[in-house]
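Every chain is numbered from 1 and lettered A, B, ... according to where its sequence line falls, protein lines coming before strand lines. Note that the structure is a prediction, hence the values are computed from the model and not measured. Below, each value reflects all heavy atoms present in this structure, side chains not excepted, and no hydrogens, waters or symmetry copies.
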Amino acid sequence: MFGYIVKRLLGAIPTMLLIMIAVFALIHIAPGGPFDNKRPMPAEVRANLNATYHLDEPLLVQFGYYLSGVVQGDFGPSYKFKEFTVTELIGQAFPVSLKLGISALIIALLVGVPAGMVAALKRDSLLDLVVMSTSMTGMVIPTFVLAPIMVMVFGVHLKWLPVAGWNHGALPNMVMPVIALSLPYVAYVARMTRGSTLEVLRSNYIRTAQAKGLPMRLVLFRHALKPALLPVVSFLGPAIAGIVVGSVVIERIFGLPGLGRYFVDGAINRDYTLVMGVSIFYAALLLLMNIVVDVAYTFLDPRVKLK
Amino acid sequence: MSESGRSLWQDAMRRLRSNRAAVISCWLLGAILLLALLGPSLSPYEYDQISWDEMAMAPSLSSGHWFGTDAVGRDLFVRTAIGARISLAVAFIATTVALLIGVIYGAISGYVGGRVDSAMMRFVDLMYSMPFMFFVIVLMVVFGRNIFLIFVAIGAVEWLTMARIVRGQTISLKNNEFIEATVAIGASPLRVVLRHIIPNVLGPVLVYMTLTIPGVIMTESFLSYLGLGVQEPLTSWGVLVSEGVDEMEAAPWMLLIPSLFLAATLFCFNFIGDGLRDALDPKVEQ
């Protein structure tokens, strides 16, 4: 187990390197530089600025500088937020995104899994219909439509919840962003759980367990739950990636000081180092999460052997 | 061989036709497609025709603005139809790109097997672990907003799952007798893959394709919401919806109408996809 994790972590290094090269190349192909203001600046000033940030050296050397910084946890200075380094910006913003994302993921699992199982157990009943049609609706309504409507109803008209803002992650400020972010995933998880539970319930060993006279509760929790959860666990990787992306929009709608906002702002401002830093950080996060999910999978499914 | 192959599809069609949700979805989708194709020529207005006298008019039959107008007086019926063209075009082209790359890549990987297979799949795994949405955003910023780029970017993400599905199917197919027989009579590997493997993996591919389309439409509208989608005055459902969000209190139809079309289309593809999966899966036969 330990060996496997180490192997996977080492295997992630070339991937990270490739991602860094890709982002670095992409950003440097981009027309326009960080100091292309509307007002032209004297050539000496520009040369000095370029020299300060090593922008006058060959690309390979620049990449070398960057790489050695990243290895030490230094993503360089932000070109636009001059008083901050990218590492500081990420350090400030990531806790917000993390809290948001983890809450959304937990809600997706806590609501989605039971809803899907109940729908499967009461197949073709009214309850099943309600769960399935609600989840289908959750899948087809874009977050950026749902969230503003929620803000209008619960924030502006009913005044139950704050309209926007983070307020150090106070609960009332979290409610709407987390619900809006998690809803599509609640829907997916419910549908997947329903499908897999139905399939598991059809299998022979469940019939055997029932034939032995085990109470339904035991059959469900002891025998059916684990295999029914397998597809959900393998969905966790893409779900985490999706929630990370989705939080870009959510942070924008609710004005939250998270990582996604820096990413979009950085991309629009051509803040090279900020965009690169955030992309690389996200990539590392996703790689790590994929490893965690793969390891979790083996706990649930003994047929899967770690190599 | 061709006899039993055809009957599988006939069987599937019969089962699909008895699935009410899927049938209704097909008709509804047809109607939306018709609107996309013919809509703009039915109305006297142009999609980019700005009219300062008719800003944010509510839908009405008498004014000729059947779906109302937007904040600068452009006719929403025509814009919704044009938006449908763009959104559906993005969906179909991106899915086709994904289909072509994914099927060929997956089939080769699965059929050749061995070291080639593991190298090719490692590449897919590697691509999977990249935060692609961010690459797309960076791409949009770097190269400017460009519909073509949206097609390619989305297609380039979606082929990965397709390749995995096709590879899995190919591996389970390639040890069958009919493949062995084809190889025995001297067919080239290329011919085996193109004529015998690929036609047999089309079922799951079709299902996945139908379920990919709504995802692609969603991705496009997501990009449009961030202001990285198609460029004015051209429009897509995503653009219309995000414009509608800004005006939802004063002019709710601006949000409602495009959202309705977007949601209805996504519903339809989901229902058809589910229907196809049930129809093609002999396990669910009762």
How many angstroms lie between atom CG of Leu146(A) and atom OG of Ser259(B), to the nearest 0.5 angstrom?
10.5 Å
At a heavy-atom separation under 4.5 Å, does Leu262(B) approach chain A through its side chain, its backbone, both, or neither?
side chain
Tell me, side chain or backbone of Thr143(A) under 4.5 Å from chain B's heavy atoms, or both, or neither?
neither
Heavy-atom proximity to chain B below 4.5 Å, by part of Phe144(A):
both
4.5 Å side-chain heavy-atom contact, Ile253(A) and Tyr225(B):
yes
State, to 0.1 Å, how close Phe271(B) and Met136(A) come at their nearest heavy-atom pair, and which atoms those are.
CE2-CE, 3.6 Å
So how far is it from Met218(B) CE to Ile141(A) CD1, rounded to the nearest 0.5 Å?
8.5 Å
Quick check on Val278(A) against chain B: is it the side chain, the backbone, both or neither that has a heavy atom closer than 4.5 Å?
neither
One should read off an interatomic distance between Ile149(A) CD1 and Leu256(B) CG, to the nearest 0.5 angstrom, of 7.5 Å
OH of Tyr205(A): more than 12 outside heavy atoms within 6.0 angstrom?
yes
Return the set of residues passing salt bridge (charged side-chain N to carboxylate O under 4.0 Å, His left out) with Arg191(A) (not counting sequence neighbours), or none when no residue passes.
Asp274(B)
Heavy atoms, side chains only, cut-off 4.5 Å: are Met139(A) and Phe267(B) in contact?
no
